[in-house]
**Q** 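Take a look at the following structure, please.
Lettering follows sequence order; numbering is per chain, from 1. Values below: every heavy atom of this structure, side chains too, minus hydrogens, waters and symmetry copies. Owing to the predicted nature of the structure, the values given are computational and were not obtained by experimental measurement.
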Amino acid sequence: MSDQKITPRAEDYSRWYQDVITEADLVDSSPVRGCMVLKPHGYAIWEAIRDDLDQRFKATGHVNAYFPLFIPQSFLTKEAQHVEGFAKECAVVTHHRLKATPEGVIPDPDAVLDEPLVVRPTSETIIWHMYGRWISSWRDLPILINQWANVVRWEMRTRPFLRTAEFLWQEGHTAHATAAEAQEETRRMLEVYRDFCWQTLAVPVVMGVKTASERFAGAVDTYCIEGMMQNGWALQAGTSHFLGQNFARAFDVTFQNKEGTLEHVWATSWGVSTRLVGAVIMAHSDDEGLVLPPKVAPVQIVLVPITRADNQEKVMAFVDGVAARLRGRFRVKVDDRDNMKPGAKYFEWERKGVPLRIEVGPRDVDNHAVFCKLRTEPGKFSLPADEGLADAIGAVLDKMQAAMLDKALATRKARTHRVDSYEELKARLESDSGWFLVPWTDDAENEAAIKAETKATIRCYPLEGQEEAQGRTCFYSGRRATHMAIFSRAY
RNA sequence: CGGGGUAUAGCGCAGCCUGGUAGCGCGUCUGCUUCGGGAGCAGAAGGCCGUAGGUUCAAAUCCUGCUACCCCGACCA
């Protein structure tokens, strides 16, 4: 395999990110600009994320459904803010047939669609069109639907996982009888995301509210979870929107309440995407390659037999026995390739982010033990290969998962800076990248001015700690502060 | 979409300036020996040089268009 091809983080952080992904064999580029192929090892991370979240959605009363990829163009025009937000990045289908010509194949001029179809950039419009047909009474509410789907946003500049033209995601779309109920749903799902990121991804995201300029096109309020990457930049890991009655009005979706009067329906939508895979990679990996928390690692344990011709049978029988004992509880791989030396296998699985490696040689067979190495710790240790092995390994992996969260949390805390003046922010953005927590007076023009000058944006008004703004003055305008804001450079 | 760079075997590169029909390392295949931190030897396979044109007796090499990728900006999950 390749030799030390991962650029160190300190040298070039984006090259490092690129290298880690390539070396771990997560994706391949596609012939179409901005699109990526998710290779099995990369897709498996998404599968683990999807399966975990799907359970959480179902546990909070949601059901899955599927809405079509194509949306009539006219639907996109119905909600004014929504059009403005998405019009610039939509792929549009205009023909339904190809035609062979001497110059090659072209869209058949005789097969132009009456109305062009937009490839969904998000599904609010088609879903609210359908909800209009399904809702007439308060008894039809709430509707709590989620869908797992792909969407397309024609992005100018792309990065694997973090921003691609087509990406996989889930979008929850709920319909409620009251504003309070919809707001509660918005916050409930935000909390689902937060807990998932902390517990499953070991990424200690912060929950917050977006300012008007960062709000979802068509939302009344946009909540978000923001994660800090190792270079101190922020990454929006998920959003949950309170849509008010905007889409219900645009698509004329009303219900008859218990008093018999017609009201517009209240809405939410919430989503996370394959960007989460990028967040996990960036949050935990090191200069040796991918590091994954055990809960989402496609392979949690790799067994590497160390054999010679005269002991191969003995060692392999032992390895197979250990693997059989661990399968069913863990995702286990036995690397029995005979064309690679054990050392080469160690490097390969380290690059690929396998949390626990178990080396088994003749000495271990004789001792009835296995020799273990954690991806995140320097030393190796031996465990008895008895009935308690699976429990012992479970404990080790749980501890690793918790340690990864602690480490990421410590980094986030160390790199969250409180500053009181704009001068200090500008100076420290260069020297000391991270998040900057400041007292702030909500003002879109000032926000834009700061972004233009520093490239830092307001990631959110964090839900926790807003009371700190009481009685303080805005670090930029000197006016009475309305919020505590997190400024940071972001992906 | 603006500025810059790149495109030659699966991967990383040389060859291009000074045109003459393609080479190196790694990987792959076969065999033997190896195997507790990136194995050794021997043999072999694999590329109409991103793509479409142009110049020329002749193009990987010179010229033009297009496409993709990377870096930096503006837009965004």
Side-chain angles (χ1 to χ4, degrees), chain A residues 1-5 7 12-15 17-19 22-23 25 28-36 84-90 103-104 121-122 151-171 193 210 213-217 222 224-227 234-241 269-279 288 304-312 315 335-351 357-367 370-371 373 378 380 382 448 451-452 455 457 490-491:
Chain A
M1 267 283 162
S2 49
D3 199 23
Q4 297 293 319
K5 278 202 316 217
T7 307
D12 184 336
Y13 194 77
S14 17
R15 279 262 306 278
Y17 176 71
Q18 205 76 33
D19 290 348
T22 314
E23 291 298 304
D25 205 25
D28 202 350
S29 58
S30 88
V32 178
R33 175 198 160 75
C35 296
M36 67 174 171
E84 206 177 304
F86 286 105
K88 288 161 288 184
E89 51 187 34
C90 285
E103 291 78 38
T122 179
V151 288
V152 169
R153 297 180 187 177
W154 214 261
E155 297 289 350
M156 294 294 109
R157 189 171 156 198
T158 60
R159 254 184 234 271
F161 294 113
L162 300 180
R163 182 170 303 109
T164 48
E166 178 189 7
F167 55 93
L168 304 182
W169 79 343
Q170 59 66 217
E171 45 182 328
Y193 288 155
K210 287 292 190 187
S213 48
E214 299 266 336
R215 197 176 286 152
F216 175 75
T222 287
C224 63
I225 45 170
E226 295 281 331
L235 179 74
Q236 180 175 307
T239 49
S240 184
H241 314 290
S269 69
W270 28 274
V272 297
S273 70
T274 35
R275 174 179 265 196
L276 284 178
V277 179
E288 311 306 316
V304 180
I306 299 156
T307 60
R308 283 199 315 265
D310 62 344
N311 59 29
Q312 178 161 6
V315 172
D335 187 350
D336 58 0
R337 287 174 292 181
D338 62 1
N339 59 338
M340 256 177 135
K341 291 187 71 173
K345 295 179 182 176
Y346 302 166
F347 282 103
E348 177 175 332
W349 293 113
E350 280 168 11
R351 278 199 305 276
R357 178 176 74 240
I358 298 181
E359 306 167 10
V360 180
R363 283 207 298 274
D364 304 297
V365 178
D366 294 341
N367 299 334
V370 293
F371 202 45
K373 167 76 175 70
K380 298 185 185 181
S382 195
K451 181 180 179 183
K455 296 179 185 78
T457 50
Y491 283 100

**Q** Across all strands shown, which nucleotide pairs with B:rU18 by Watson-Crick or G-U wobble geometry, both distances under 3.5 Å?
**A**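 By the stated definition (distances under 3.5 Å), nothing pairs with B:rU18.
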**Q** Tell me whether the ring of A:F347 lies stacked over the B:rG38 base, given a 5.5 Å limit on centroids and a 30° limit on the plane angle.
**A**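 Yes; centroid distance and tilt both under limits.
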**Q** Quick one: does any side-chain atom of A:D364 pair with a main-chain N or O of A:G361 as donor and acceptor, under 3.5 Å?
**A**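 Yes; judged by distance alone, with no hydrogens or angles, the pair exists.
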**Q** Who is the Watson-Crick or G-U wobble partner of B:rA52, with both distances under 3.5 Å?
**A**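 By the stated definition (distances under 3.5 Å), B:rU64 pairs with B:rA52.
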**Q** For nucleotides B:rU56 and B:rU61, find the distance between their P atoms and express it as a whole number of Å.
**A**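 So the two P atoms sit 16 Å from each other.
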**Q** Where the side chain of A:K345 meets the backbone of A:V304, is there a donor-acceptor pair that is under 3.5 Å apart?
**A**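 Not a single qualifying donor-acceptor pair exists.
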**Q** On a whole-Å scale, what distance lies between the P atoms belonging to B:rC16 and B:rA22?
**A**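 Taking atom P in both B:rC16 and B:rA22, they lie 16 Å apart.
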**Q** To the nearest Å, how far apart are A:M340 CE and B:rC26 P?
**A**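 From A:M340 CE to B:rC26 P: 15 Å.
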**Q** Scan A:L162 against the nucleic acid and name what it touches under 4.0 Å (heavy atoms): base, sugar-phosphate only, or nothing.
**A**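 Base contact.
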**Q** Rounded to the nearest angstrom, tell me the gap between atom CG in A:D336 and atom P in B:rC35.
**A**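 Checked: the CG to P distance equals 18 Å.
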**Q** Identify whether any heavy atom of A:F216 sits under 4.0 Å from a base atom; if not, whether one sits that close to sugar-phosphate; answer base, sugar-phosphate or nothing.
**A**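 A:F216: no heavy atom of the nucleic acid under 4.0 Å.
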**Q** What about A:R357: does its side chain form a donor-acceptor pair under 3.5 Å with the base of B:rG37?
**A**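 Indeed, a donor on one side and an acceptor on the other fall under 3.5 Å apart.
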**Q** Looking at A:K451, does any N or O in its side chain come under 4.0 Å of the phosphate oxygens OP1/OP2 on B:rC75?
**A**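 Answer is yes, contact under 4.0 Å.
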**Q** With both distances under 3.5 angstrom, what nucleotide forms a Watson-Crick or G-U wobble pair with B:rG73?
**A**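 B:rC1 - that is the nucleotide pairing with B:rG73, both distances being under 3.5 Å.
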**Q** A:D338 has an atom CG; how far is it from atom P of B:rU30, in whole Å?
**A**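 Taking atom P of B:rU30 as the reference, CG of A:D338 is at 10 Å.
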**Q** Where the side chain of A:R153 meets the backbone of A:P121, is there a donor-acceptor pair that is under 3.5 Å apart?
**A**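 It does hold such a pair.
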**Q** For residues A:P362 and A:V315, determine if any side-chain heavy atom of one lies less than 4.5 Å from a side-chain heavy atom of the other.
**A**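 Touching, per the 4.5 Å side-chain cut-off.
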**Q** Nearest whole angstrom, please: distance from the P of B:rC75 to the CD of A:E214.
**A**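 A:E214 atom CD is separated from B:rC75 atom P by 10 Å.
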**Q** Identify, between A:A490 and A:T307, the residue whose nearest nucleotide on RNA chain B lies closer to the 5' end.
**A**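 So the residue in question is A:T307.
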**Q** Identify, between A:K88 and A:S14, the residue whose nearest nucleotide on RNA chain B lies closer to the 5' end.
**A**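 Of the two residues, A:S14 wins.
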**Q** Output the rounded distance in Å from NZ (A:K455) to P (B:rC72).
**A**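 Answer to the nearest Å: 11 Å.
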**Q** Does a side-chain N or O from A:N339 land closer than 4.0 Å to OP1 or OP2 of B:rG27, or not?
**A**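 No, no such contact exists.
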**Q** Quick one: is A:K341 getting a side-chain N or O under 4.0 Å of the B:rG36 phosphate, OP1 or OP2?
**A**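 Looking at the OP1 and OP2 atoms of B:rG36, one of them is under 4.0 Å from a side-chain N or O of A:K341.
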**Q** Nearest whole Å is fine: how far is B:rC11 P from A:E348 CD?
**A**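 Taking CD of A:E348 and P of B:rC11, I get 17 Å after rounding.
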**Q** When the C1' atoms of B:rU51 and B:rU8 are considered, how many whole Å apart are they?
**A**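 Straight-line distance between the two C1' atoms is 14 Å.
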**Q** Between B:rG38 atom P and A:E288 atom CD, what is the distance in whole Å?
**A**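 To the nearest whole Å, that distance equals 15 Å.
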**Q** So what's B:rC24 paired with, Watson-Crick or G-U wobble, going by both distances under 3.5 Å?
**A**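 WC or wobble partner is B:rG12.
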**Q** Name the nucleic acid region contacted by A:D364, choosing base, sugar-phosphate or nothing; use a 4.0 angstrom heavy-atom cut-off, strictly under.
**A**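 Here A:D364 touches the bases of the nucleic acid.
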**Q** Using a cut-off of 4.0 Å on non-hydrogen atoms, how would the nucleic acid contact of A:R15 be classed: base, sugar-phosphate, or nothing?
**A**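 No contact.
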**Q** I'd like the P distance from B:rA59 over to B:rG53, given in whole Å.
**A**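 My reading of the P atoms in B:rG53 and B:rA59 gives 14 Å.
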**Q** Does B:rA45 have a Watson-Crick or wobble mate here (both distances under 3.5 Å), and if so which one?
**A**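 Here B:rA45 is not engaged in any pair, so there is no nucleotide opposite it.
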**Q** For A:K210 and B:rC76, give me the distance from atom NZ to atom C1', rounded to whole Å.
**A**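 Rounded to the whole Å, the gap is 11 Å.
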**Q** Answer yes or no: side-chain N or O of A:R308 and base N or O of B:rC35 forming a donor-acceptor pair under 3.5 Å.
**A**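 When only heavy-atom distances are counted, A:R308 does not reach the base of B:rC35 through any donor-acceptor pair under 3.5 Å.
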**Q** Using atom C1' of each nucleotide, how far apart are B:rA7 and B:rG15 to the nearest Å?
**A**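 15 Å, rounded to whole Å.
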**Q** Kindly say whether, by distance alone, the side chain of A:K380 makes a donor-acceptor pair under 3.5 Å with the base of B:rG37?
**A**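 Flag set: donor-acceptor pair detected.
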**Q** Under 30°, 30 to 60°, or over 60°: which ring-plane class applies to A:W270 and A:Y193, parallel, tilted or perpendicular?
**A**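 Perpendicular: the ring planes of A:W270 and A:Y193 meet at over 60°.
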**Q** Taking atom P in both B:rU18 and B:rG4, what distance in whole Å separates the two?
**A**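 Pairwise P distance, B:rU18 against B:rG4, rounds to 23 Å.
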**Q** Describe the nucleic acid contact of A:T164 in one word from base, sugar-phosphate, nothing, applying a heavy-atom distance below 4.0 Å.
**A**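 Counting heavy atoms under 4.0 Å across all strands, the contact made by A:T164 includes a base.
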**Q** NA contact type, A:G34, heavy-atom cut-off 4.0 Å: base, sugar-phosphate, or nothing?
**A**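 Sugar-phosphate, no base atom in range.
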**Q** Going through the distances and angles, do A:E348 and A:R357 end up as a salt bridge (Lys or Arg N to Asp or Glu O under 4.0 Å)?
**A** CA-CA 11 Å; A:E348 177 175 332; A:R357 178 176 74 240; over 6 Å; no
**Q** State the OH-CZ distance between A:Y13 and A:R15, to the nearest 0.5 angstrom.
**A**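 The CZ atom of A:R15 is 15.0 Å from OH of A:Y13, to the nearest 0.5 Å.
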**Q** If the P atom of B:rU21 is compared with that of B:rA39, how far apart are they to the nearest Å?
**A**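 The same atom, P, in both gives a distance of 39 Å.
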**Q** Quote, to the nearest angstrom, the P distance that separates B:rA77 from B:rA9.
**A**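 The same atom, P, in both gives a distance of 38 Å.
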**Q** Should the side chain of A:E350 and the base of B:rG37 be counted as holding a donor-acceptor pair, with the cut-off at 3.5 Å?
**A**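 Yes, the side chain and the base share a sub-3.5 Å donor-acceptor pair.
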